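Everything below concerns the one structure shown next.
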2 protein chains.
Amino acid sequence: MSVRSLGLELHCRCIGTESKPIGRHIEKVELIPANSHCDDTEIIATLKRTGQEVCLDPEAPWVKKVIQRIMSNRRR
Amino acid sequence: MSVRSLGLELHCRCIGTESKPIGRHIEKVELIPANSHCDDTEIIATLKRTGQEVCLDPEAPWVKKVIQRIMSNRRR
């Protein structure tokens, strides 16, 4: 079991966020609520094909739409 | 790099969903959009302390509220 899986991440994971709307390239999204180690919600998208992890801005309208689309089970 | 990180998960990960509202115990949430290997959006929450993974129902009102709360950066 890794330190991370024990919830012992001791700082924010994101240092910046992606501004381009990359919704269609997203394989999955991780939502990490604000906690004692990071004041802000963090959204980390994993991209299809490359598996690259990209931080998204929870306030960005396109990010909110991507989350809504996933929740409503609509494919793009 | 694992098979999973390459996006090659070949089936749904969830076989059932948690019905109890466990929002306050959630450390993070993974959203997996419907894809060629699974017809439905899957939501997998990792619980604080235990690190246990629990599948949530994207249609359940309490689950939608949990996601909205995380997105709006409100702590519980």
Side-chain angles (χ1 to χ4, degrees), chain A residues 1-14 17 22-76, chain B residues 1-14 17 22-76:
Chain A
M1 192 176 266
S2 72
V3 168
R4 221 181 97 202
S5 69
L6 285 167
L8 294 174
E9 190 82 29
L10 297 175
H11 50 77
C12 294
R13 285 174 65 186
C14 294
T17 55
I22 52 162
R24 71 181 69 191
H25 301 292
I26 291 175
E27 183 192 307
K28 65 172 185 175
V29 178
E30 215 176 311
L31 304 178
I32 306 168
N35 56 59
S36 54
H37 304 307
C38 185
D39 283 343
D40 297 306
T41 286
E42 297 194 286
I43 303 185
I44 302 173
T46 303
L47 303 191
K48 293 173 189 167
R49 278 186 276 206
T50 61
Q52 193 192 344
E53 295 194 333
V54 176
C55 289
L56 307 183
D57 177 4
E59 309 275 314
W62 74 267
V63 174
K64 293 181 184 179
K65 274 184 208 151
V66 166
I67 302 297
Q68 278 165 15
R69 195 181 70 234
I70 295 174
M71 292 296 291
S72 64
N73 209 20
R74 275 179 282 118
R75 287 164 192 251
R76 180 163 182 143
Chain B
M1 192 175 266
S2 72
V3 168
R4 221 180 96 203
S5 68
L6 285 167
L8 295 174
E9 189 83 31
L10 297 176
H11 49 76
C12 294
R13 286 173 64 187
C14 294
T17 56
I22 52 162
R24 72 181 68 191
H25 301 293
I26 291 175
E27 184 192 307
K28 65 172 185 176
V29 178
E30 214 176 314
L31 305 178
I32 306 168
N35 56 60
S36 53
H37 303 307
C38 185
D39 282 343
D40 297 306
T41 287
E42 297 194 286
I43 303 185
I44 302 173
T46 303
L47 304 189
K48 293 173 188 167
R49 279 185 276 208
T50 61
Q52 193 192 344
E53 294 194 333
V54 177
C55 289
L56 308 183
D57 177 4
E59 309 275 314
W62 74 268
V63 174
K64 293 181 183 179
K65 274 184 208 151
V66 165
I67 303 297
Q68 277 164 15
R69 195 180 72 234
I70 295 174
M71 292 296 292
S72 64
N73 209 22
R74 274 179 281 118
R75 287 163 191 254
R76 180 166 181 140

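Chain A is the first sequence line, chain B the second, and so forth, proteins listed ahead of strands; every chain is numbered from 1. Everything numeric in this text was worked out from a predicted model, so none of it was measured.
- Using a 4.5 Å cut-off between heavy atoms, I43(A) touches chain B through its side chain atoms alone.
- What you find for A34(B) and N73(A) is that their closest heavy atoms are CB-OD1, 3.5 Å.
- Contact annotation: the side chain of M71(B) approaches that of L31(A) to within less than 4.5 Å [non-hydrogen atoms, C-beta and beyond].
- Pairing each heavy atom of I26(A) with each of P33(B), the nearest pair is O-CG, 4.3 Å.
- Between K28(A) and I32(B), the shortest heavy-atom contact is CB-CG1, 4.0 Å.
- In terms of the side-chain contact (heavy atoms from CB on, under 4.5 Å) criterion, residue partners of Q52(B) (sequence neighbours excluded) are, by chain and number, L47(B), T50(B), V54(B).
- Rounding to the nearest 0.5 Å gives a distance of 8.0 Å between CD of Q68(B) and CD of Q68(A).
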